[in-house]
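This report concerns only the one structure given below.
All values reported here derive from a predicted model rather than from experimental measurement.
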Amino acid sequence: MTASRAAATKPFGTAKRGFAATSRRDRWWVEPVVVAVGFTAFIVYSLFSALVWQPVFGVPYEADGYLSLFFSPLLFGGSLPWWFSPAILILWIPLGFRTTCYYYRKAYYRAYFVDPPGCAVSEPAIHQGYAMETRFPFILQNLHRIFLYLAFIPLFFLWIDALASLRLGDGWRLGLGTAILFVNVALLTGYSLSCHSLRHLVGGTLDCFSCSRATRTRYGLWRRLTSLNTVHMRWAWASLVSVALADLYVRLLAIGLFQDPAIRL
């Protein structure tokens, strides 16, 4: 094998050469800019909430029977050093799941790495030496299916937290916080079930959908997951926003900014 063949490079294609050169006349740059701003805002907020808010400023991650989802399931909450956030023990799972997600990869590759900036838009010349997902650390993107399996663990506990929030002390309540937790976990469930890998796991590798009862059942599940998968991007963004808002609601309750509006039974 020659040296030129050993070093994989991206084909030039038909796009104009030169960074961001393109024949497109639309505002193609709006989407990657919005994505970059949105992702950055979420990353900054989530890091602050998970690692700084309680250890440094003393704002609890639990208030009025509501637990911040960044800390669910709560592991060793009372036995850890004050500077060590319990969120570290669990957040690596949803972080790994979202980071390796097919949609998010496309989104942040464009927004942060301009690889490429957009369809039919030229990227920096440095990207011609293609190695993105064939070398460390991006080769870890291949762990996406494993993170999919793991993601159902915290999702299960989030459903428990939402159900548990209906009970406060010796009574029942229907609070705004309860509604927020249920909406959030429903959106997270939709995001998980619309995953491309889950769809392939259910319906992939089959040569015949109608040959047996088992394959017909898998086909029915595959069709339902496909209907969710067609709007996977919407599930991704809606659940991302709901995660931040649900956590913020619990934190604002914790600092006493307002009381949880609730019907108590």
Side-chain angles (χ1 to χ4, degrees), residues 37-99 147 150-193 234-265:
V37 172
F39 282 176
T40 302
F42 178 81
I43 292 169
V44 171
Y45 173 79
S46 59
L47 288 176
F48 176 80
S49 181
L51 305 178
V52 178
W53 218 338
Q54 192 272 333
V56 177
F57 297 98
V59 178
Y61 43 75
E62 188 172 10
D64 203 14
Y66 301 119
L67 175 65
S68 165
L69 57 163
F70 287 148
F71 297 82
S72 180
L74 185 58
L75 303 175
F76 313 109
S79 58
L80 295 172
W82 68 267
W83 49 266
F84 189 92
S85 172
I88 297 175
L89 300 176
I90 192 65
L91 279 185
W92 62 273
I93 295 178
L95 176 63
F97 182 43
R98 292 209 180 233
T99 302
F147 280 115
L150 292 173
F152 285 102
I153 299 175
L155 183 62
F156 171 76
F157 283 98
L158 289 175
W159 275 108
I160 293 179
D161 291 342
L163 291 170
S165 70
L166 292 168
R167 186 80 175 173
L168 184 63
D170 296 328
W172 298 87
R173 55 109 181 258
L174 297 174
L176 177 59
T178 301
I180 291 175
L181 292 186
F182 271 106
V183 169
N184 173 69
V185 74
L187 291 173
L188 287 172
T189 301
Y191 170 65
S192 300
L193 294 180
R234 297 180 186 177
W235 287 112
W237 276 103
S239 60
L240 193 74
V241 172
S242 72
V243 164
L245 292 180
D247 176 80
L248 180 62
Y249 185 83
V250 175
R251 297 297 192 156
L252 295 181
L253 279 180
I255 64 177
L257 186 63
F258 52 79
Q259 298 294 318
D260 180 49
I263 300 174
R264 304 186 185 273
L265 306 174

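- L245 has its side chain out of reach of I180: every pair of non-hydrogen atoms, C-beta onward, lies at least 4.5 Å apart.
- Considering CZ of R167 and CG of L265, their distance stands at 10.0 Å, rounded to 0.5 Å.
- Under a cutoff of 6.0 Å and an axis angle of 45°, R264 and W172 do not form a cation-pi pair.
- F157 places none of its side-chain heavy atoms less than 4.5 Å from the side chain of I90.
- Contact check for V44 versus T40: side-chain heavy atoms found under the 4.5 Å cut-off.
- In this structure, the separation between CD1 on I88 and CG on L80 is 9.0 Å, given to the nearest 0.5 Å.
- In this structure a side-chain-to-backbone donor-acceptor pair under 3.5 Å is missing from R234 to W237.
- Between the side chain of R98 and the backbone N or O of A236 there is at least one donor-acceptor pair closer than 3.5 Å.
- Contacts classified as side chain to side chain donor-acceptor pair (under 3.5 Å) and involving residues 72-94 (residues at least two apart or in different chains) are given here: S72-D161.
- Listed here is the closest heavy atom pair of P86 and L75: CB-O, 3.9 Å.
- Crowding of I263 atom CD1: a count of heavy atoms from other residues, nucleotides or ligands under 6.0 Å not exceeding 12.
- Put simply, the side chain of T99 never gets that close to the backbone of G96: no donor and acceptor are under 3.5 Å apart.
- The environment of CZ in F76 is sparse: at most 12 heavy-atom neighbours from other residues, nucleotides or ligands sit within 6.0 Å.
- A pairwise comparison of heavy atoms in L187 and A238 identifies CD1-O, 3.7 Å as the closest pair.
- Closest approach of A254 and P60 over heavy atoms only: CB-O, 3.6 Å.
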Show me the donor-acceptor pairs within less than 3.5 Å that the side chains of residues 52-59 make with the rest of the protein, sequence neighbours left out.
none

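- More than 12 heavy-atom neighbours from other residues, nucleotides or ligands sit within 6.0 angstrom of CZ on F48.
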Walk me through it: do V250 and L67 pass the test side chain to side chain contact (heavy atoms under 4.5 Å, CB included)?
CA-CA 7 Å; V250 175; L67 175 65; over 6 Å; no
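- One distance of note links CG of L91 with CG of L69; it measures 8.5 Å at 0.5 Å rounding.
- Of the possible polar contacts, one joining the R173 side chain to the S165 backbone as a donor-acceptor pair under 3.5 Å is found.
- A 4.5 Å side-chain heavy-atom check between V243 and F70 finds at least one atom pair inside the cut-off.
- Shortest non-hydrogen contact noted between T189 and V185 is OG1-O, 2.7 Å.
- When all heavy atoms of I255 and L252 are compared, the pair lying nearest together is CG1-O, 3.3 Å.
- For the atom pair L158 CG and L181 CG, the distance stands at 8.5 Å (nearest 0.5 Å).
- Side-chain contact between L240 and F39: present, with at least one pair of heavy atoms (C-beta onward) separated by less than 4.5 Å.
- Contact between A262 and G175 at its shortest, heavy atoms only, is CB-CA, 3.6 Å.
- Checked against side-chain hydrogen bond (donor to acceptor under 3.5 Å, both in side chains), R251 has the following partners two or more places apart in sequence or in another chain: S49.
- Partner Y191 forms a ring-ring contact (aromatic ring centres under 6.0 Å, His included) with one of W235, F97, F152 and no other, that one being F97.
- To the nearest 0.5 Å, atoms CG (L248) and OG (S68) are separated by 10.0 Å.
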Decide side chain to side chain contact (heavy atoms under 4.5 Å, CB included) for F71 and L89; before the verdict, give the C-alpha distance in whole Å, the side-chain angles of both, and the deciding distance to 0.1 Å.
CA-CA 8 Å; F71 297 82; L89 300 176; over 6 Å; no
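- Using modelled atom types and a 3.5 Å distance limit, the side chains of D260 and Y249 yield a donor-acceptor pair.
- Between L163 and F182, the closest side-chain pair of non-hydrogen atoms falls below 4.5 Å.
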